[in-house]
Amino acid sequence: MLILGSGGTAKTMRYFLEKHGAKSIGIVSRTGELNYENVYDKADTQIVVNTTPVGTLSIEKPLNLALFENLEGVFDTIYNPLETALVRQARRLGVNAANGLAMLVEQGRVAHNLYAKADDSLPVQDEAKTLEIVRKMTNDRQNVVLVGMAGCGKSTIGKLVAEKLCKTFVDLDEEIERKTGESIPQIFEESGEAGFRQIESEIVAEFGLRAGQVIATGGGAVLFERNVEYLKANGTLFFVKRDLERLAREGRPLSKDLETVKKLYEEREPIYKSVADFEIENNGEIHDTVVMICNALHW
């Protein structure tokens, strides 16, 4: 076992692991004997527990899990964002991982019950209450992120999904225009695509770490890995698919004609598929598309 950090939470984790028979426990700190320079010598590590703040409201992670070939589980005490970069990397590697939200709620339940024992007016809560609260907090905080070609209906769908789920709707292109005071075509004309992508990445980073939103992305927002990391921090990603002939093209600098759109789609489709948690068709009634998205979330 490796515990990242040496504060109070690390002491709690060490006590728990010792109590449950951990064969060996390494405490990793920045300046200790076991640190972030030599930690990879512990190649036989099976469990990593992060008690540091690294990853809170960011896409940073304290170490590279890929260098531990025997890794079986990761627990990150951080709960904001819902999926830290450490947890996300673990899952990509096929390793079981969890965040610290259940731990946060459970310690509150236990504290409540200590008071309840001394006050008959307070009901004692069982573990089912923790699971209920964790589920609700996760649903409330989770972002629904719509990706796909420009003109596929992400904004229209997003507004309806946000209304149905009682979440805030965010159109990233609108936020870019609000920040710059210019239209998307103007930005492309003055700064080129590279300039636009820089501004877009700043907006993605800002809104990706917020919670409780339905986010409509621009067609090229997920072409960059760092943007995807921000969008996945709190988000479930839906690839909205629409027949290319039916895509709206007005006011979209990279969608001048159908042939250009087809070529663009050939380049982007594999990326959309690779980053999406779900794929949703939008060639029929818009209501049906909204229902499919909500049903996919299992709320």
Side-chain angles (χ1 to χ4, degrees), residues 1-7 9-10 13 26-30 34-40 42-43 45-104 134 137-138 141-145 147 170 172 197-198 200-213 215 217 221-239 271-278:
M1 311 283 187
L2 281 182
I3 299 175
L4 311 182
S6 55
T9 304
M13 288 297 174
I27 306 297
V28 186
S29 63
R30 285 173 293 182
L34 181 58
N35 53 62
Y36 295 96
E37 296 296 324
N38 61 19
V39 66
Y40 300 109
K42 299 285 187 179
T45 295
Q46 294 169 289
I47 306 290
V48 171
V49 178
N50 179 38
T51 70
T52 77
V54 178
T56 303
L57 286 173
S58 78
I59 59 169
E60 306 305 318
K61 58 181 185 290
L63 46 66
N64 183 3
L65 298 174
L67 301 180
F68 300 101
E69 294 183 357
N70 296 326
L71 194 62
E72 298 177 14
V74 171
F75 178 63
D76 197 336
T77 59
I78 293 170
Y79 49 86
N80 189 8
L82 290 173
E83 188 176 77
T84 62
L86 192 71
V87 167
R88 193 155 49 254
Q89 186 186 29
R91 290 173 176 164
R92 283 200 300 264
L93 294 170
V95 173
N96 289 325
N99 70 13
L101 185 56
M103 178 180 174
L104 171 74
V134 168
M137 289 181 70
T138 300
R141 294 189 58 77
Q142 185 180 33
N143 290 335
V144 178
V145 182
V147 306
V170 177
L172 294 186
R197 295 300 176 202
Q198 176 60 41
E200 181 179 55
S201 292
E202 294 170 4
I203 295 295
V204 167
E206 177 182 349
F207 286 91
L209 292 175
R210 297 184 187 183
Q213 308 165 112
I215 300 175
T217 66
V222 295
L223 301 180
F224 304 93
E225 185 178 351
R226 190 169 178 82
N227 288 355
V228 175
E229 288 290 297
Y230 276 110
L231 293 171
K232 280 188 172 286
N234 284 314
T236 297
L237 272 60
F238 289 83
F239 171 23
I271 299 173
Y272 292 146
K273 285 179 172 291
S274 70
V275 304
D277 299 293
F278 299 97

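The two residues L237 and V275 make their nearest non-hydrogen contact at CD2-O, 3.7 Å. Residues S29 and S6 come closest through the heavy atom pair CB-OG, 4.1 Å. Counting all heavy atoms, side chain and backbone alike, S274 lies closest to I271 at OG-O, 2.8 Å. Taking every heavy atom of both residues into account, G55 and P81 meet most closely at O-CD, 3.4 Å. Closest heavy-atom contact between N35 and R30: CB-O, 3.8 Å.
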Intermediate values then yes/no, side chain to side chain contact (heavy atoms under 4.5 Å, CB included), V74 and F68: CA-CA 11 Å; V74 171; F68 300 101; over 6 Å; no
Verdict with reasoning, N50 to D76, per side chain to side chain donor-acceptor pair (under 3.5 Å): CA-CA 5 Å; N50 179 38; D76 197 336; 3.0 Å; yes
V144 vs T236, side chain to side chain contact (heavy atoms under 4.5 Å, CB included): CA-CA, chis, key distance, verdict: CA-CA 5 Å; V144 178; T236 297; 5.8 Å; no
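With rounding to the nearest 0.5 Å, the separation of CD1 in I78 from CD in E83 is 13.0 Å. With rounding to the nearest 0.5 angstrom, the CZ atom of F75 is 4.5 Å from the CE atom of M13. Taking CG from L209 and CG from N143, the interatomic distance works out to 9.5 Å, rounded to the nearest 0.5 Å. The CG atom of L2 sits 7.5 Å away from atom CG of L63, with the distance rounded to the nearest 0.5 Å. Of the inter-residue distances, the one linking L86 atom CG with R91 atom CZ reads 10.5 Å to the nearest 0.5 angstrom. Between atom CD1 of residue I203 and atom OG1 of residue T217 there is a gap of 13.5 Å, rounded to the nearest 0.5 Å.
Residue pairs meeting the ring pair (Phe, Tyr, Trp, His ring centres under 6.0 Å) criterion with at least one member in residues 77-101, sequence neighbours excluded, do not occur. Within the structure, the salt bridge (Lys or Arg N to Asp or Glu O under 4.0 Å) test picks out the following pairs touching residues 47-64 (sequence neighbours left out): E60-R226.
One N or O on the side chain of T51 and one on the backbone of L4 form a donor-acceptor pair closer than 3.5 Å. Judged by distance alone, the side chain of Y230 and the main-chain N or O of S201 form no donor-acceptor pair under 3.5 Å. Within the 3.5 Å criterion, the main-chain N or O of R210 finds a donor-acceptor partner in the side chain of N234. The backbone N or O of V170 lies less than 3.5 Å from no partner atom in the side chain of Q213, so there is not a single donor-acceptor pair.
Note on ring orientation: taking the six-membered ring where Trp is involved, the planes of F239 and Y272 are tilted (angle from 30° to 60°).
A heavy-atom distance below 4.5 Å is not found between the side chains of I27 and L34. In this structure the side chain of V145 never reaches within 4.5 angstrom of the side chain of K232, judged on heavy atoms.
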Residues 92-103 side chain polar contacts: donor-acceptor under 3.5 Å, at least two apart:
unit_1 : atom_1 : unit_2 : atom_2 : d
R92    : NH1    : E229   : OE2    : 3.3
N99    : OD1    : L101   : N      : 3.1
N99    : ND2    : L82    : O      : 2.7

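N227 and R197 are not linked by any side-chain donor-acceptor pair at a separation below 3.5 angstrom, with hydrogens and angles left out of the test.
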